[in-house]
Amino acid sequence: MAGRTLPLSKRGFNFETTMWVFTRFTVVAMYGLIIAGLIGGLMMSAKTGANLADIFYWAFFPNKAGNVIGAYIGATILAKLMVSAFVLVVCGHGVHGVLEILDDYFSAPRVRRWSRNFIISYAVVASLIAMYVIWNR
Amino acid sequence: MANIHQFEVIVVGGGGAGLMAGLYASKTAKTAIISKMYPTRSHTGAAQGGISAALGNYEEDKPEWHMYDTVKGSDYLGDQDAIEFMTNEAIDAVLELEHMGLPFDRTPEGRISQRPFGGHTNNETGKPVRRAAHAADRTGHMILQTLYQQCIKNKVNFFDEFQVLDFIMTDGKAAGVVAVELSTGELHTFHAKSVIFATGGYGRVFEVTSNAYAYTGDGPAILLRKGIPLEDMEFFQFHPTGIYKLGILITEGARGEGAVLINGKGERFMPKYAPTVKDLASRDVVSRAIYTEIKEGRGVDGKNYVYLDIRPETVNKIAAEDGRTNPDGSPLRITGEVVLQKIPDIVDFCRVYLGVDPVTQLMPVQPTAHYAMGGIPTNKFGEVVVDDKGTIVPGLFAAGECACVSVHGANRLGTNSLLDIVVFGKHAGLKAAEYAASAEFAKMPEDAESASRSEFDALRGGAGNANVYDLSNEMKNVMFADVGIYRNEKDMQSALEKVRELQKRFKDVKVGDTGKIFNTELLNAWELGNLLDIAEVVAASALNRKESRGGHSREDFPDRDDANWLKHTLITKKNGKLEISYKPVVITKHQPKPRIY
Amino acid sequence: MEVTVKIFRYNPEQDKRGHYETYKVEADENDRVLDVLELIKGHTDGSLAFRRSCAHGVCGSDAMRINGRNHLACKTLIRDVGANITIEPLLGLKVAKDLIVDMDPFFDNYKKMLPYMINDSPLPADGKERLQSPEQRARFDESTKCIMCAACTTSCPSFWASDEYYGPAAIIAAHRFIFDSRDEGASERLQVLSETDGVARCHTAFNCTNACPRDIHITQAIGEVKLAMVTGKLD
Amino acid sequence: MGLNRNVDLLTGLRYKGQGPYLTFILHRIGGSALFIFFTLYILTLAGVEFAHALFSNALVQIVIVVLGIFHAINGLRITILDLFPKLIQHYRVAINIEWAVYILICGFAIFVVLRSAAGG
Ligand SMILES: Cc1cc2nc3c(=O)[nH]c(=O)nc-3n(C[C@H](O)[C@H](O)[C@H](O)COP(=O)(O)OP(=O)(O)OC[C@H]3O[C@@H](n4cnc5c(N)ncnc54)[C@H](O)[C@@H]3O)c2cc1C
Ligand code: HEM
Ligand code: SF4
Ligand code: F3S
Ligand code: FES
């Protein structure tokens, strides 16, 4: 009566399963990045003397001019990398989340194909814009 | 007509017996199962305790002992050739269920677990033996599910929610059935070579019953109207432990796990009535004991119930007194967790319906109408036998609770019914397919549906104001009070008259719903007609049998009378009149002797 | 006590859409909602249609919406729901008449799960039972309790959205076999369940678990199936 | 034959699914809101004026905070339970803890937003 384990090809590990894992993975990643961001923010608040609340505020609501984070983005390559990672992860997560919702309501194969195409194009366009902005400022 | 179907074998009923029959018949013949409910809703699913087979997984056990116990349990009215056949097939039947995937509970060695049950004994020591193979307290549910699953696997045809109304016979041979499709109200004709009835019991003729609303005796009533006799209808089993007032069953398995019965004075009373096996005596004995306690004023608060006690402290105390042991020989000891694990559903019922927690409180119980020993007479291959000479109706079969083989005689042992449906369901299926392979389709009359249609029209067009609900309650009350556990001439006579009066009033019944789609009012009325026919037959058979035997206990004839009554009753209805004849009991190995537990 | 019961009525042969009707009946607080329905059918309006059989919560016939939530009418007592009761048919299945819904899609989804033992290996040489330890048996005990009443599936928001979703009851049926040590069909079932209309449609809304009259931890079972797809572990 | 099976949104929302169902609904609303927020975020980064104006509105900010934080905390709960299905049995406890944490964090965040709105 030994333990039973199915090989990878036989356990139904397909697109849906992958995305399920991906969503859980992005949760961990997002929390990781948020915590890293907060620590970074805290360190910066120590440097700039800005208070904690300001840091939180500017971290989550971008401001075109005089944005603390905006300024911070330009600061180091590391920060740029982190923000890019965050945007990509959020984009993947959010975009798939919307796909989930669409899949719930529309089950005709044709509609599902279209929602998938739409969602993927959205992800690509949004990521491109974000990457361009982050790396060109 | 448009709705005509043709199958070689038609099974009426999707319970354990019907599914088993359908499964086996479909291996070689074109088969369909017709059921008035989705098959998984059949009452087999309510069976709790277990299915018996002398597997001997805990302790020594033999099919011969199982046979003897069944014969004795039947109060020597069971046909011993059929009983021997069944108990010999039991082991393979249970193993086959396991191979089909049935999730039996397990012993530490990984084998099928078994528990003691009323009337199952080691013939040498007289002590209870563990013979009931079980899956928690939902063995019947698992059997039903497993068989339904096998039918899906084997692509058996189902007509779900089709209610059979009529059986068609041409030149004394089965030709098919007529059924109504509940979702449309359309009639359908099913042309067949073999027809197997497996419609279950008719406990709904009684007020307090463990039986489902669907237990309205459709099969036996349909055949009775076709002039086919019914056998041993006076024998109806009252299960000792039904939940007070509701009749919901508390399995004998509870007593198998050590629970005991307590009267209103807080005394354990079963040792008085069955010194050896005590609370595990067979059902008729325990039901009568409870009733006697109540009659003599020892019910709880002077009411008509007693307590069932499975609180670990009581069980452990009494098990020590009785010297009961676990399979490994250590003294029997239980805890609250054991109760929860062994009878989870019972605990749930008590909590939901009574607000009582069996682990810490007493369960109020009273005997409840439970099982029809009588029914459509068959031989051990499920062929319907119409007289004492073994004459069969070609192409007509019956199996399960609606049939009377007779393996249960005057009193069924717990767990033998699930065995009955599996074993005889299978053989009825095999025989029906075998018959179909060689027979031609009997001719279907031009308008086979006319009889059913006029029955329905009569109900819809009824003149009077008789109310189905009230008529049915009146019938149930009188049957439970006067043709119940204890019976006597005077009460049964008046019950019979009452039932006949109800039959007259039933002619005036008015069904208000004139629609076709799911006209449940019409169907309930039709079912009441069946119940009344069955009630009449039960009362008349009981009145006729002037002795006490098994489930049939008469105050005016308290003893068993082998000289005059060691025979089966056959009752037929010809031109509105009941006629009774008899059939000898098959006795092979065990001569009747007094029945003491 | 007097109980006021508001019941959804729909007669397909006359009505274009459903309406509610209110009845007042005398009932005991320990009566089942089913008893009240029987009483109304018996005395007030015989045409009221609903399914029932066992009357004690083991056959799965009478799942319906009672006071806005799925229950078995025979397992719900008046004392649990109070003197004002609203009874409606299950959601997400076609209403055929009054409280009766079309169950066919539900059973069709069940059948897609290959709900039967798959094991082509030879039987034990002694012809006896396949061995299974009590622990292995306990692994899938929960999901064997299902009576296919559909209370879970018809409470699931994903199923409301589209009946292509197999639904929690079907997943429970699959779970029953996937984790049975004697079964060899887990792979096929997982492949089916990993499709878009499989477990991916479950967003752990827990309505199913709350609706289940057999107290099956449905969401947990679905979670176990999801994880089995990722890890392949079946114990 | 028969009534259509469609369950409209309102009927669905009226189903008495209790706490856990509510978290599902809020999670979904939160996720959708965050998705819109994310779109706007990108547009803001790209310098689109209208998106930026929206962001400066305190009300919008509060909506985002309320929904977004709920989504994040509930999402963490979902993830933990998903990865350890044995824990799902205790979902009611988990959800209670989640609410407690949520109210704390959300309260703080609203305070921050209001303070900035008042001060900025
Ligand atoms: C509460 C309870 C507990 C029990 N516990 C045990 C136990 O522990 N051990 C044991 O051995 N026995 C037990 N029994 C007895 C046993 O369960 C039944 O006798 C047995 O299951 C009957 O099976 P069946 O196939 O004959 O009938 P059922 O399973 O009831 O099937 C009847 C079928 O016939 C169909 N039907 C009926 N009328 C029509 C019609 N007119 N047209 C079409 N279809 C129709 C129904 O839809 C149903 O599918 C118990 C019984 C009860 C009530
Ligand atoms: C720390 C932050 C976040 C966490 C922990 C988180 C967690 C989760 C989880 C676990 C799910 C899956 C729910 C399920 O399958 O039932 C989910 C779904 C979703 N998430 Fe997030 N998420 C976060 C941030 C975001 C962001 C930033 C967005 C938007 C861009 C987003 C959009 C969505 C959407 C649209 C869904 C689908 C909702 C649904 O199916 O009902 N999430 N989230
Ligand atoms: S899982 Fe529970 S609610 Fe769902 S069908 Fe089975 S018994 Fe009913
Ligand atoms: S309600 Fe539905 S979403 Fe999942 S947890 Fe139950 S199946
Ligand atoms: S009538 Fe059987 S579950 Fe309610």
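What you see below is based on every heavy atom in this structure, not just the backbone, and it leaves out hydrogens, waters and symmetry mates.
- Without hydrogens or angle criteria, B:Arg41 side chain to C:Met148 main chain gives a donor-acceptor distance under 3.5 Å.
- How far CG of C:Asp31 is from CG of B:Leu246: 9.0 Å, rounded to the nearest 0.5 Å.
- Interface residue B:Leu354: only backbone heavy atoms are found under 4.5 Å from chain C.
- Within the 4.5 Å cutoff, the side chain of C:Pro115 has heavy atoms near those of the B:Ile152 side chain.
- When heavy atoms are compared at a cutoff of 4.5 Å, B:Pro103 approaches chain C by way of both its backbone and its side chain.
- Using a 4.0 Å cut-off between charged nitrogen and carboxylate oxygen, B:Arg106 and C:Glu135 do not count as a salt-bridge pair.
- Residue contact with chain B, scored on non-hydrogen atoms closer than 4.5 Å, is absent for C:Asp183.
- Remark: C:Lys128 does not engage B:Asp92 in a salt bridge, criterion side-chain N to carboxylate O under 4.0 Å.
- For the side chain to side chain contact (heavy atoms under 4.5 Å, CB included) criterion with B:Met37, the lone passing option out of C:Cys59, C:Ser53, C:Cys54 is C:Ser53.
- Between B:Gly101 and C:Asp180 the shortest heavy-atom distance is O-OD2, 4.4 Å.
- No side-chain donor-acceptor contact under 3.5 Å links B:Gln149 to the backbone of C:Met117.
- Heavy-atom pairs under 4.5 Å with chain C were tallied for B:Asn519, B:Asp105, B:Ile91; the largest tally goes to B:Asp105.
- Side chains of C:Lys41 and B:Thr520: a donor-acceptor N/O pair is present below 3.5 angstrom, by distance only.
- Contacts of B:Thr107 with chain C are made by backbone atoms alone, with heavy-atom separations under 4.5 Å and no side-chain atom involved.
- Between C:Asn11 and B:Phe518, the closest side-chain pair of non-hydrogen atoms is not below 4.5 Å.
- Remark: the backbone N or O of B:Gly515 is not paired with any side-chain donor or acceptor of C:Glu13 at under 3.5 angstrom.
- Residues C:His56 and B:Phe349 place their aromatic rings such that the two centres sit under 6.0 Å apart.
- Proximity of C:Val58 to B:His141: side-chain heavy atoms (C-beta onward) are nowhere separated by under 4.5 Å.
- Between chain C and the residues B:Met142, B:Gln341, B:Gln150, the most heavy-atom pairs under 4.5 angstrom are made by B:Met142.
- Of the listed residues (B:Asp348, B:Val468, B:Val511), the one with the most heavy-atom contacts under 4.5 Å to chain C is B:Asp348.
- Chain C forms more heavy-atom pairs under 4.5 Å with one residue of B:Asp470, B:Thr146, B:Leu522 than with any other, namely B:Asp470.
- Looking at C:His43, its side chain never comes within 3.5 Å of a backbone N or O of B:Tyr469 through a donor-acceptor pair.
- With a 4.5 Å cut-off on non-hydrogen atoms, C:Phe107 touches chain B through its side chain but not through its backbone.
- Between B:Glu521 and C:Asp45, every side-chain heavy-atom pair lies at or beyond the 4.5 Å cut-off.
- Side chain of B:Glu98 to main chain of C:Arg130: a donor-acceptor pair is present (N/O by atom type, distance under 3.5 Å, no hydrogens or angles).
- Proximity to chain B (any heavy atom under 4.5 Å) is shown, for C:Asn119, by neither the backbone nor the side chain.
- Proximity to chain C (any heavy atom under 4.5 Å) is shown, for B:Ile112, by both the backbone and the side chain.
- Side chain to side chain, B:Arg138 and C:Thr144 meet the donor-acceptor criterion of an N or O pair below 3.5 Å.
- Pairing each heavy atom of C:Lys97 with each of B:Ile517, the nearest pair is CD-O, 3.2 Å.
- Side chain of B:Lys153 to backbone of C:Tyr116: no donor-acceptor contact under 3.5 angstrom is found.
- For C:Leu48, the part sitting under 4.5 Å from any heavy atom of chain B is the backbone (N, CA, C, O) and nothing else.
- Using a distance-only test at 3.5 Å, with no hydrogens or angles considered, no donor-acceptor pair links the side chain of C:Asn30 to the main chain of B:Tyr353.
- For B:Leu55, no part lies near chain C; criterion is any non-hydrogen pair under 4.5 Å.
- Salt bridge annotation for C:Arg214-B:Asp345: present, with a cationic side-chain nitrogen under 4.0 angstrom from a carboxylate oxygen.
- Ranked by heavy-atom pairs under 4.5 Å with chain C, the list B:Glu96, B:Lys516, B:His99, B:Lys245 is led by B:His99.
- Between the B:Arg111 side chain and the C:Leu131 main chain, no donor and acceptor come within less than 3.5 Å of each other.
- When only modelled atom types and interatomic distance are considered, B:Tyr213 and C:Asp62 share no side-chain donor-acceptor pair under 3.5 Å.
- Both the backbone and the side chain of C:Glu38 come within contact range of chain B, judged by heavy atoms closer than 4.5 Å.
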